[in-house]
Amino acid sequence: MAFPNKESVPKELVYMQMVQESCIFKVALSGVAGFALGGLFGMFMSSFEMTSTDPAIYEQPMKQQLKATAKDMAKRSFSMAKNFAVVGAIFSGTECVIEGYRAKNDIYNGTAAGCITGALLAAKAGPQATLIGCAGFAAFSTAIDLFMRREVDT
């Protein structure tokens, strides 16, 4: 939005833009969006397989089977939602801090944030997993950034 001069810019718009550009807002937004996307993804994936290994469930009435299936679906969706929220929040926060520190908006911010995110998520599994997590997330983040930043011929 272009304004003719700075005096004509309402203070509310300036404050709103400052909030939207803050790292805290970006982390919160990524966490919420990751939670929603993870929940949908978990629901979709749980529809393909039932984790209950008890064959007696198939001998129960349909109502009990549906209840067990819904409970399993909710459990898996919530678990996946939490995981997506954590990954989104870590990545977004790391990228925002790196971008603020470097004062540049380029592909290297996402690559570094991907490496740090992957390393943090794999840290409990040891140094080799940390390096693989760093490389994997960095490569994925770079590929997504390259795709999103590509020039489109019109």
Side-chain angles (χ1 to χ4, degrees), residues 12-13 15-152:
E12 292 82 14
L13 286 178
Y15 293 142
M16 187 182 297
Q17 185 175 7
M18 287 172 49
V19 167
Q20 289 177 344
E21 291 177 359
S22 74
C23 288
I24 294 170
F25 179 80
K26 290 179 181 180
V27 167
L29 184 65
S30 294
V32 170
F35 189 86
L37 184 64
L40 291 173
F41 189 70
M43 197 179 312
F44 176 75
M45 294 304 291
S46 69
S47 67
F48 287 114
E49 83 179 49
M50 179 80 169
T51 58
S52 176
T53 57
D54 184 15
I57 193 161
Y58 301 111
E59 297 170 5
Q60 295 179 353
M62 180 63 78
K63 187 174 181 178
Q64 291 299 104
Q65 289 182 29
L66 290 174
K67 192 174 184 179
T69 302
K71 187 176 179 181
D72 181 61
M73 186 179 284
K75 181 180 164 188
R76 293 184 69 182
S77 293
F78 186 72
S79 175
M80 191 80 73
K82 287 190 308 183
N83 291 340
F84 272 56
V86 167
V87 170
I90 291 173
F91 180 84
S92 178
T94 306
E95 184 179 37
C96 186
V97 169
I98 291 170
E99 185 176 318
Y101 179 75
R102 294 184 66 228
K104 291 181 183 179
N105 183 356
D106 58 13
I107 195 167
Y108 301 113
N109 297 337
T111 303
C115 177
I116 292 169
T117 302
L120 284 174
L121 294 173
K124 289 183 181 179
Q128 184 178 7
T130 302
L131 289 173
I132 292 170
C134 169
F137 263 80
F140 182 71
S141 176
T142 302
I144 295 296
D145 252 354
L146 285 171
F147 179 75
M148 296 301 286
R149 293 177 186 260
R150 76 186 193 287
E151 297 286 328
V152 179

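The distance from atom CD1 of Ile107 to atom CG of Leu146, rounded to the nearest 0.5 Å, is 3.5 Å. Once rounded to the nearest 0.5 Å, the distance linking CZ of Phe25 with CE of Met18 reads 13.5 Å. One distance of note links CD of Glu99 with OG of Ser92; it measures 10.0 Å at 0.5 Å rounding. The CG atom of Asn83 lies 7.0 Å from the CE atom of Met80; values are rounded to the nearest 0.5 Å. Atoms CZ and CE, from Arg76 and Met43 in turn, are 12.5 Å apart once rounded to the nearest 0.5 Å. Atoms CD and OG1, from Glu95 and Thr111 in turn, are 9.0 Å apart once rounded to the nearest 0.5 Å.
The local environment of CD in Gln64 is crowded, with over 12 non-hydrogen atoms from other residues, nucleotides or ligands closer than 6.0 Å.
Taking both residues in full, the closest heavy atoms of Ala81 and Gly39 are given as CB-N, 3.5 Å, listed atom of the first, atom of the second, then distance. Here the closest heavy-atom approach between residue Val97 and residue Cys23 is recorded as N-SG, 4.0 Å. Residues Cys96 and Ser22 come closest through the heavy atom pair SG-C, 4.4 Å. Nearest heavy atom pair, residue Gly110 against residue Ser141, reads O-OG, 2.7 Å. Across every non-hydrogen atom of Gln65 and Gln60, the tightest pair is NE2-O, 3.0 Å. Heavy atoms only, all atoms of each residue included: Asn109 and Lys104 are closest at ND2-O, 2.6 Å.
Remark: side-chain polar atoms of Ser30 are paired, donor with acceptor, to backbone N or O of Lys26 under 3.5 angstrom.
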Anything under 3.5 Å between a donor and an acceptor, one on a side chain of residues 118-140, the other on a protein residue two or more places apart or in another chain? List them.
| from | atom 1 | to | atom 2 | distance (Å) |
| --- | --- | --- | --- | --- |
| Thr130 | OG1 | Gly126 | O | 2.7 |

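Among residues at least two apart or in separate chains, ring-ring contact (aromatic ring centres under 6.0 Å, His included) pairs with a member in residues 65-121 are Phe35-Phe78, Phe41-Phe84.
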